[in-house]
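Before any comments, here is the structure.
In this text the structure is predicted, and so the values were computed from the model without any measurement. Excluded from the calculations below are hydrogen atoms, water molecules and symmetry mates; all remaining heavy atoms, backbone and side chain alike, are included.
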Amino acid sequence: QVQLVESGGGLVQAGGSLRLSCAASGRTFNSYAWFRQAPGKEREFVAAISWSGGRIIYADSVKGRCTISRDNYKNTANLQMNSLKPEDTAVYYCAGGSAVVVAPRSYTDWGQGVQVTVSS
């Protein structure tokens, strides 16, 4: 079966860094994306990357602080997050799909999510 499993979340102080990883199995994905959802809020696009890494997009809220990458040999995707802010607190989800877009409906498979908490 197709699975995406996130790891690397946790509690970090404001200004700190975390590196999230997404391990995929069962298939490969032309695109990986990261979304997040805070309590009481809609799911929010964070970043996406194409197969070769030639196309990358970021949400304005994280641009300059986050870097998305992928390793096709390992079939993994990563999200390096720096200068974290309390408003980054959310459950972060990894998603796989066929195109680098911001719409969650374009992604076919999703991970279970990992909690990121940024304390002030």
Side-chain angles (χ1 to χ4, degrees):
Q1 75 277 29
V2 178
Q3 284 189 305
L4 297 97
V5 180
E6 301 96 335
S7 62
L11 175 65
V12 65
Q13 293 182 345
S17 298
L18 285 174
R19 184 175 179 86
L20 305 182
S21 294
C22 172
S25 61
R27 61 162 291 178
T28 59
F29 295 100
N30 286 341
S31 63
Y32 281 114
W34 290 92
F35 293 79
R36 66 187 183 186
Q37 188 166 22
K41 299 182 68 177
E42 295 291 315
R43 189 178 302 172
E44 177 188 24
F45 172 81
V46 177
I49 185 170
S50 64
W51 175 267
S52 66
R55 176 163 170 77
I56 295 174
I57 54 175
Y58 295 100
D60 288 343
S61 59
V62 303
K63 192 174 183 66
R65 300 188 296 118
C66 293
T67 302
I68 189 171
S69 61
R70 64 186 293 167
D71 184 333
N72 291 337
Y73 182 79
K74 297 179 180 178
N75 205 17
T76 59
N78 301 288
L79 184 70
Q80 177 69 43
M81 303 189 294
N82 302 321
S83 301
L84 285 164
K85 306 172 181 179
E87 51 262 45
D88 294 318
T89 295
V91 176
Y92 284 70
Y93 297 92
C94 177
S98 60
V100 180
V101 294
V102 303
R105 65 181 179 272
S106 297
Y107 295 90
T108 58
D109 296 276
W110 294 78
Q112 82 288 350
V114 62
Q115 178 70 47
V116 171
T117 302
V118 184
S119 62
S120 59

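Under a 4.5 Å side-chain heavy-atom cut-off, the cluster of Ile, Leu, Val, Met, Phe, Trp and Tyr residues that includes V5 has no other member. Under a 4.5 Å side-chain heavy-atom cut-off, the cluster of Ile, Leu, Val, Met, Phe, Trp and Tyr residues that includes W51 has no other member.
Taking CD1 of I68 as the start and CG of L79 as the end, the distance is 6.0 Å to the nearest 0.5 Å.
By the side chain to side chain contact (heavy atoms under 4.5 Å, CB included) test, E87 is found to be paired with K85, residues two or more places apart in sequence or in another chain being considered. With sequence neighbours excluded, the residues satisfying ring-ring contact (aromatic ring centres under 6.0 Å, His included) with Y32 are F29. Not counting sequence neighbours, the partners of F45 by the ring-ring contact (aromatic ring centres under 6.0 Å, His included) test are F35. Residues passing the side chain to side chain contact (heavy atoms under 4.5 Å, CB included) test with E44, sequence neighbours excluded: R36, S61. With sequence neighbours excluded, the residues satisfying side chain to side chain contact (heavy atoms under 4.5 Å, CB included) with A23 are T76.
Listed by first and then second residue, the disulfide bond (SG atoms under 2.5 Å apart) pairs involving residues 28-62 amount to none (not counting sequence neighbours). Among pairs with a residue in residues 4-26, none fulfils ring-ring contact (aromatic ring centres under 6.0 Å, His included), at least two apart in sequence or across chains. Each side-chain hydrogen bond (donor to acceptor under 3.5 Å, both in side chains) pair with one or both residues in residues 102-112, not counting sequence neighbours, appears once here: E6-Q112. Annotation: salt bridge (Lys or Arg N to Asp or Glu O under 4.0 Å) contacts involving residues 51-80, sequence neighbours excluded, comprise R65-D88. Listed by first then second residue, pairs satisfying disulfide bond (SG atoms under 2.5 Å apart) with a partner in residues 45-96 read C22-C94, not counting sequence neighbours.
Contact of the M81 side chain with the V12 side chain is not registered, since no non-hydrogen atoms from C-beta on lie closer than 4.5 Å. Side-chain atoms of T28 and N72, non-hydrogen and from C-beta on, never get closer than 4.5 Å to each other.
In this structure, the side chain of Y93 does not engage the main chain of Q37 through any donor-acceptor pair within 3.5 Å.
For the 3.5 Å distance criterion, the side chains of N78 and Q80 fail to qualify, holding no donor opposite an acceptor.
Hydrophobic clustering of Ile, Leu, Val, Met, Phe, Trp and Tyr side chains at less than 4.5 Å, counting indirect connections, unites V114 with V62. No path of Ile, Leu, Val, Met, Phe, Trp and Tyr side chains, each step under 4.5 Å between heavy atoms, connects L84 with L11, placing them in separate hydrophobic clusters.
The 12-atom threshold is exceeded at CD of Q115, counting heavy atoms of other residues, nucleotides or ligands nearer than 6.0 Å.
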